[in-house]
Amino acid sequence: MNIKFLGAAGEVTGSAYLIECAGKKLLVDCGMYQGKSEKDNSIPFPVLPYAIDAILLTHAHMDHSGRIPLLVKNGFKGKVWVTTPTRELIPILWYDCANLMREDAIWETRKNSRKGLEAAMPLYDENDVDNAIKKLSSISYDENIEVLPGISARYRDAGHIIGSAMLEVTLNEGEKTVKLAFSGDIGPMKTVMERSPAILSSADYVIMESTYGDRLHKSNDETRQEFQDVLCKAINSGGKVLIPSFAVDRAQRLLYEICLMQDANLIPKNIPIYFDSPMAAKTTAIYKAHKDLLSTEIQNYITDDKEPFSPEGLEVVASAEESQKINDVKCAIVIAGSGMCNGGRIVHHLKHGLYEKKNQVIFVGYQAQGTLGRRLVDGQKIVRVAGEEVRVEAGLHTINGFSAHGDQNDLINWAESFMTDPTYVIVHGEPGASTTLSEKLKTAGKKTFIPKRGDVLELVNSGVQSVIEQHRVIERKLESDARTALRDIAKMAAIIEESFTEGQSDIESLMPLILSTRTLLETTKINMKK
């Protein structure tokens with residue numbers, strides 16, 4: 001019984017963890033590498049796909065789900081367990097990814113042909129996505145399922161994006177039982193978009209993300225004020241406001257914040273707002289369809305007969321031609337993907353907008369190492385965008401408080417909810433973030449382990465198992481005591497019966513024995529209830 005760390009170990013992207021138990025192989029997540037590790041997506045998967053029996057997916061983000069179509073293409077035959085909203089989000093993200101890879105392959109092939117090299121091929125295509133979608137099986141929050149013989153799982157709300165989940169996985173092999181908790185991506189404890197993350201209480205091992213393990217976010221009120229100040233200033237500059245955004249959660253949050261600003265008359269309602277992301281538009285429809293999974297704040301806004309994701313002046317941009325026409329617009333808000341500027345229509349807008357001093361770029365999400373977004377945030381003055389070098393003259397602003405990830409305090413508070421004494425396995429973070437979180441947990445008396453990619457951890461009974469074993473010892477003692485007591489009661493009853501039958505004693509002389517028998521019987525009943 002072991003777990004092998006195939007991704008998101010010492011880095012943020014590429015989440016993939018392989019569990020081996022009772023002769024079965026279970027994969028938790030199978031995400032794409034992004035940023036500096038993107039080339040690793042083309043490396044053959046370290047486990048033969050057809051040898052994997054099932055996949056548990058925490059949520060739809062590509063750094064957790066993006067390589068599943070590739071596994072199916074290469075022979076994976078099992079089920080992929082997901083929540084219902086994740087099942088609805090997955091096709092949007094996977095088809096978009098397949099389309100982008102196809103376009104990249106066409107562009108790369110043209111380059112290769114001039115050098116006499118072979119044509120480039122995408123990792124997978126839409127047919128592979130079709131086949132992968134057929135593998136998806138839905139599960140409700142808090143429902144227990146037997147994933148494979150000897151392996152059961154329960155999905156809990158992670159509060160990260162709609163449909164995101166933590167996993168409680170129980171492994172049984174012979175007489176050995178081990179419980180794992182996978183945090184997935186943990187949302188902030190005080191949320192705006194989703195419900196607060198679930199609190200888990202028992203596990204032997206907690207496989208825990210650490211994206212923001214070394215930093216704190218501003219409060220929701222501070223972040224909201226910061227965004228309002230930056231957006232108002234950007235609009236007043238007379239240029240375009242470019243906001244790179246993730247299609248899931250972040251885009252919807254931005255639309256909601258703009259609605260609030262319009263309600264408060266902080267920005268003019270006649271400024272065009274271009275929602276230049278067909279994928280984000282489809283995602284917004286899913287958010288609208290699952291309002292019961294959104295935060296109390298959003299639901300109260302809806303109760304007041306307001307639409308949280310439809311500010312005035314919103315124009316959903318469908319075609320690439322319509323997107324290109326935005327070049328001629330001088331003053332507007334443009335929300336486009338991808339969130340890290342490593343693809344999507346935002347690249348086009350940056351190429352045509354970074355050199356203008358009156359334009360403003362607002363980063364509202366994490367920028368992984370190696371991405372264009374990270375290079376801009378790090379202050380590079382000349383960046384390569386879509387094959388051309390562009391001088392950065394536009395104003396740049398970073399607002400981290402919109403993150404759908406919890407910060408260091410959120411992560412520590414969540415970790416401290418466990419009543420057992422698990423080992424915290426720190427993953428899904430850059431080295432500095434993982435190390436800082438690990439040290440914080442150690443200071444609080446927790447056991448931690450930071451794996452590297454390829455590490456294997458043998459699973460042994462730990463915190464929760466010791467508690468279970470203590471209960472079993474007590475149960476065995478009570479059971480033994482009860483059996484002894486019942487034998488004694490049977491002996492006493494036999495003596496009483498024999499005395500009456502042979503007329504050797506009257507009822508008065510037998511009363512002490514009868515009372516002792518009654519007391520022993522009551523004590524045994526109490527112990528058996530315990």
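One-based numbering along the sequence shown.
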Ignoring hydrogens and geometry, is there a side-chain-to-backbone donor-acceptor pair from [X] to [Y] under 3.5 Å?
X	Y	result
T371	Q367	no
E209	T211	yes
R375	G370	yes
D125	N127	yes
T84	S138	no

Next item on the list: Start with the C-alpha distance between V241 and I362, add both sets of side-chain angles, then the distance that settles side chain to side chain contact (heavy atoms under 4.5 Å, CB included), and finish with yes or no.
Entry: CA-CA 7 Å; V241 182; I362 304 177; 3.6 Å; yes

Note to self: Show me the pairs that pass salt bridge (Lys or Arg N to Asp or Glu O under 4.0 Å) and involve residues 347-372, at least two apart or across chains.
What the structure shows: K351-E388

Margin query: Filter on salt bridge (Lys or Arg N to Asp or Glu O under 4.0 Å), then keep only pairs touching residues 219-229, sequence neighbours left out; what's left?
Written below: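 Matches after skipping sequence neighbours: K218-E226, R224-E257, R224-E297.
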
[atom1] of [X]: more than 12 outside heavy atoms within 6.0 angstrom?
X	atom1	answer
Y50	OH	no
K288	NZ	yes
K233	NZ	no
K73	NZ	yes

Closest approach of [X] and [Y], non-hydrogen atoms and distance?
X	Y	value
P278	A318	CG-O, 3.6 Å
G213	T436	O-CG2, 3.7 Å
P188	S403	CG-O, 3.8 Å
H64	L57	O-CD1, 3.4 Å
A247	S277	CB-OG, 4.5 Å
P311	C259	N-SG, 3.4 Å

Note to self: Quick test of your reading: applying side-chain hydrogen bond (donor to acceptor under 3.5 Å, both in side chains), list the pairs with at least one residue in residues 109-121, sequence neighbours left out, ordered by first then second residue.
What the structure shows: none

Quick check for you: to the nearest 0.5 Å, what is the distance between [X] atom [atom1] and [Y] atom [atom2]?
X	Y	atom1	atom2	result
I258	I333	CD1	CD1	4.5 Å
S245	L254	OG	CG	4.5 Å
E194	D157	CD	CG	8.0 Å
I3	I207	CD1	CD1	4.5 Å
F275	I335	CZ	CD1	6.5 Å

Suppose we screen for ring pair (Phe, Tyr, Trp, His ring centres under 6.0 Å). Which residues come up paired with [X], at least two apart in sequence or across chains?
X	answer
F309	none
H397	none
F402	F227
Y256	Y301

Item checked: Electrostatic pair E315-K325, nearest N-O below 4.0 angstrom -> no

Check: Does the pair R453/D40 count as a salt bridge with the N-to-O cut at 4.0 Å?
Finding: yes

Note to self: Among residues at least two apart in sequence or on other chains, which ones pass side-chain hydrogen bond (donor to acceptor under 3.5 Å, both in side chains) with S183?
What the structure shows: none

Item checked: Pairing residues for D276 by the side-chain hydrogen bond (donor to acceptor under 3.5 Å, both in side chains) criterion, not counting sequence neighbours -> S323, R345, H349

Next item on the list: Sort and list the pairs that fulfil ring pair (Phe, Tyr, Trp, His ring centres under 6.0 Å) and have at least one residue in residues 363-389, not counting sequence neighbours.
Entry: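 Every ring pair (Phe, Tyr, Trp, His ring centres under 6.0 Å) pair that includes a residue of residues 363-389, provided the two are not neighbours, is Y212-Y366.
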
Note to self: Strictly by ring pair (Phe, Tyr, Trp, His ring centres under 6.0 Å), give each pair with a member in residues 75-132 just once, sequence neighbours left out.
What the structure shows: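 Residue pairs with at least one partner in residues 75-132: there are none.
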
Next item on the list: Show the numbers, then the answer: is there a side chain to side chain contact (heavy atoms under 4.5 Å, CB included) between F45 and I52?
Entry: CA-CA 11 Å; F45 202 71; I52 299 169; 3.9 Å; yes

Check: Do D249 and H160 get their side chains close enough for a donor-acceptor pair, meaning under 3.5 Å?
Finding: no

Note to self: Any donor-acceptor pair under 3.5 Å linking the side-chain atoms of H59 with those of S65?
What the structure shows: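 Per modelled atom types, S65 and H59 side chains form no pair under 3.5 Å.
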
Item checked: Y274 vs E322, side chain to side chain contact (heavy atoms under 4.5 Å, CB included): CA-CA, chis, key distance, verdict -> CA-CA 10 Å; Y274 294 104; E322 290 174 315; over 6 Å; no

Next item on the list: Starting from the C-alpha separation in whole Å, work towards a yes-or-no answer on side chain to side chain donor-acceptor pair (under 3.5 Å) for D410 and H217.
Entry: CA-CA 10 Å; D410 292 322; H217 298 325; 5.8 Å; no

Checklist line | Pairwise side-chain contact, M32 with C97, heavy-atom cut-off 4.5 Å (strictly under) | finding: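 M32 vs C97: side chains touch.
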
Notebook entry, point to check: Can you name the side-chain contact (heavy atoms from CB on, under 4.5 Å) partners of A51, sequence neighbours left out?
Noted result: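 A51: side-chain contact (heavy atoms from CB on, under 4.5 Å) contacts with K25, L48.
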
